[in-house]
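Remarks on the structure that follows.
A note on names: the letters A, B, ... follow the listed sequences, proteins ahead of strands, and every chain is numbered from 1.
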Amino acid sequence: MQGGVGVWGPEGVKTERSNMSNRKTAKELLVDKGQLDDKVVAVRVGKSIVDLHTALDEATVVEPIRIGDPGALDVVRHSTAHVMADAVQRMFPGTKVTIGPCTEDGFYYDFDRPDGAFTDADLKKIEKGMREIVKANAPFRREVVTRAEAIDRFKGLGETYKVEIIEGIPEGEDISLYTHGVKGKEWTDLCAGPHVPSTGLLGAIKLTSVAGAYWRGDERNPMLQRIYGTAFPTQEELDEHLRMLEEAKKRDHRKLGKELDLFMFHEWAPAMPFFYPRGASVYNRMVDFLRGLYVGAGYEEVITPQIYDTRLYQTSGHLANYRENMYFGIPSDSLGEILGSYEEYQKKQGGKALGDKEREEFLTHEIMQARFAGAKPMNCPGHCLMFASRRRSYRDLPWRMADFGRLHRYERGGVVHGLARVRSFAQDDGHIFCMPEQVQEEISRFNKLLYRIYSAFEFKDVHIKLATRPEKRIGTDEMWDLAESALEKALIDAGLAYEITPGEGAFYGPKLEFHVRDALKRSWQLGTIQVDYSMPERFGLEYVGSDGAMHRPVMLHRAILGSVERFMGVYIEHCGGAFPLWIAPEQVILVTVSEKQTQYGQEALAYLRGRGIRAVADLSADKLGAKIRNARMMRYPYLGIIGDREAEGRLIAPRSREAGELEPMALESFADRILAEAVPGGTPPSNP
RNA sequence: GCUGGCGUAGCUCAAUCGGCAGAGCACCGGUUUUGUAAACCGGAUGUUAGGGGUUCAAGUCCCCUCGCCAGCUCCA
């Protein structure tokens, strides 16, 4: 009887009993209620999920979790990760195990393999080995052991990472081991569980990829080999998941950007997008849509410089907190000055060359001392200068300042990704300067505007995160208390559901993050609003209150699309490149059946354009089928087919991207229809 | 930045063991005058990312740099 708490049950499943007779296993509780069947993978107790072997008080309310129930998938995947590690260690002796959790889409397990990376062929082999283990339908057993026992056991196996994990488990917590496999082929892992009762409950398995990952996510630690996989109860569900991945690949905005002539990149401006006319058209329409809404929402747009004296960033705190991500432009005068002082310094040092590190320190210092220009990574400091430029009254507040200025941020090489993470971009940025008592009202107004905009782009699923103070920050704890509670209160007042993410706030203030799910159920962070008491203080911002005294305004940083570039990337994938009529670069392409209709084609094109419709025409000598195919691939919302019949009757035979062929109609009616349909639409998003 | 992989025509991709750089699409010229997802014939297309090395010979092997991809880390 190991650890003094358990006995082996009749089916080899370990049951646990305390000395007190009123304890039963979850399994026994289910049997008592007549709820045990072969689909049960675990039970829910309150908010947590535990496995069938867990000893519980007799009076505990347990709810069975069966295959297909929410929560079951995680248990299945986690158990599948164990089976994978088992297979891997069987096939690749000498490989050490570390951790293997489940993720949103599947699971992974990190290995330390002396022979280096796994190949795709290895994955196939491992999969096969896993299927055999599943087929054996062997039970998972849980046992609780003492710390010393656990350490002994894993030390004996040479599992140094496991030993490290055990040493990190706080005193008083159970140390549990899980073993699965048929006799003689058993495999044990340190794990908190829960796990399925038997490997036979594991369904369709697919190992998807292999990648490097640091031990404990720290880049100073050794790189491990991570194998990603996924598992579903049935092959059909796995196939559906794989089909979604394929669909995501097809919709990848980088691919569509190329195919649809939207944007490009060039290695001479890495991670900085170039928008072709079609892309620029969509981009500008997004921005113009916001500008239209800003009128009603009381925003005023400003235009601010691109490059500033470093003193600006000293004042704002960016130099101290954000320097690694900034570009420092050098006016040619300053370059001369720097080189001059470098030579002088060298002379003083007796002419000997400086070491790399010393030189870097010297030059960095000089750059910061000199009145160097840095490309702005954010608009807020510039806006503070505008606020401070003259005396402000409480009557002017709130002042809602909007700015679509370009920002430059030096992102580390490995993080840039298509339009989603770039080094040159614009935000639909805005800063609201207001009195402290106006903060709540402004947050509420912002929320309304945000939902209005998301619904126009047909993002229906929004979830909110409240990110609180990070370790590296400016401002006092009182300020942070105030700011965090203002955000939380606005959410509670609006009845919006949210999640708190501790330590994720900006260095100058806490923030709300608005995440949306796209058509493929992937989550993206778009909007944000941040409460900032620090920046106004650093810039000495003041306004005259109704009492005649000077007061400090609060600053709200806010964006709805976030980075316009990133939003465009997300939106391209959301709509699969099939832009709705209101935002499509071209709304109509006219297609002539033969060159006989060229003249009417040109007339119709001019007419549509005269009505303000974005139209193009394909008057080439291609056959109709080919022209339609080309137009379909470019995803024009409407095709206007023109043959002899249409040319004679001043008609258009429309073909809608969504609805297919339509009855021929008068050119004028066609134009009316397009104009009527070309409005931002959609139903308001839900907030579950 | 780290680990691994990749970089061949505008695009998608071939090129056996190190042995003549190729195909389709796009493009250009011609024929066809077409009714709802690809007409036909012909033509041009390259610093094989850049630099260096090994070799009689390098797209292919080695080194460096740049860029891209996946993941990690980061994401004010």
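Residue-level contact check: A:Tyr508 touches the backbone only, with heavy atoms under 4.0 Å from sugar-phosphate atoms and none from bases. Among the protein residues, A:Gly505 comes within range of the sugar-phosphate backbone only, with heavy atoms under 4.0 Å from sugar or phosphate atoms but none that close to a base.
Considering only the side chain of A:Asp644, B:G35 comes nearest among B:U12, B:G67, B:G35. With distances taken from any side-chain atom of A:Arg412 to the nucleotides B:U32, B:G35, B:U73, the minimum falls on B:U73. In the set B:C11, B:U34, B:G67, B:U34 carries the atom at the smallest distance from any side-chain atom of A:Leu624. For A:Glu595, the listed nucleotide lying nearest its side chain is B:U32; candidates were B:A70, B:U32, B:U36. Nearest nucleotide to the A:Lys623 side chain, out of B:A39, B:A37, B:C68: B:A39.
A donor N or O paired with an acceptor N or O is found under 3.5 Å between the base of B:G35 and the side-chain atoms of A:Glu646.
Across all strands shown, the partner of B:C61 is B:G53, judged by Watson-Crick or G-U wobble contacts whose two distances both fall under 3.5 Å. Checking B:G67 for Watson-Crick or G-U wobble geometry (two distances, each under 3.5 Å) identifies B:C6 as its partner. Of all nucleotides present, none satisfies the Watson-Crick or G-U wobble test against B:C20 with each distance under 3.5 Å. Base pairing analysis places B:C27 opposite B:G43; the two distances defining the Watson-Crick or G-U wobble pair are each below 3.5 Å. Within the shown strands, nothing qualifies as a pairing partner of B:U33 under the Watson-Crick or G-U definition with both distances less than 3.5 Å.
Taking for each of A:Lys627 and A:Gly413 the nucleotide of RNA chain B with the nearest heavy atom, the 5'-most of the two is the partner of A:Gly413. Of the two residues near RNA chain B, A:Ser594 and A:Arg655, the one whose nearest nucleotide lies more 5' is A:Ser594.
Proximity of A:Leu256 to A:Glu259: side-chain heavy atoms (C-beta onward) are separated by under 4.5 Å at one or more points. Using a 4.5 Å cut-off on side-chain heavy atoms (C-beta onward), A:Asp428 and A:Phe567 make no contact.
Aromatic ring pairs are classed by plane angle as parallel below 30°, tilted from 30° to 60° and perpendicular above 60°; the pair A:Phe579 and A:Tyr571 is tilted. Between A:Tyr327 and A:Tyr410, the ring planes lie perpendicular to each other; the angle is over 60°, past the 30° to 60° tilted range. A:Phe111 and A:Tyr109 have parallel rings, their planes meeting at less than 30° on a 0 to 90° scale where 60° marks the start of perpendicular. Classification of the A:Tyr638-A:Phe670 ring pair by plane angle, with boundaries at 30° and 60°, yields perpendicular.
In this structure, A:Lys258 places its NZ atom 15 Å from C1' of B:C25, rounding to the nearest Å. Computed from coordinates, the A:Asn325 CG to B:G1 C1' distance equals 12 Å when rounded to whole Å. The separation between A:Met326 atom CE and B:C74 atom C1' is 18 Å, rounded to whole Å.
Rounded to whole Å, the C1' atom of B:U48 lies 10 Å from the corresponding atom of B:U60. Across the C1' atoms, B:C17 and B:U73 are found 41 Å apart, a figure rounded to whole Å. On the C1' atoms, B:C20 is 12 Å away from B:A15, given to the nearest whole Å. Taking atom C1' in both B:U3 and B:A58, the straight-line distance is 28 Å, to the nearest Å. Between B:C28 and B:U34, the distance separating the two P atoms is 24 Å to the nearest Å. B:G59 and B:G22: their P atoms are spaced 13 Å apart (whole Å).
Regarding contacts with the backbone of B:C72, a side-chain N or O of A:Tyr228 is found under 4.0 angstrom from either OP1 or OP2. Remark: A:His417 is not in phosphate contact with B:G71, judged by side-chain N or O atoms under 4.0 Å from OP1 or OP2. Contact annotation: A:Arg629 side-chain N/O to B:A39 OP1/OP2 distance is not under 4.0 Å. Within the structure, every side-chain polar atom (N or O) of A:Arg421 is placed at least 4.0 Å from both OP1 and OP2 of B:C74.
In this entry the base of B:C17 is syn relative to its sugar, with a glycosidic angle within 90° of 0.
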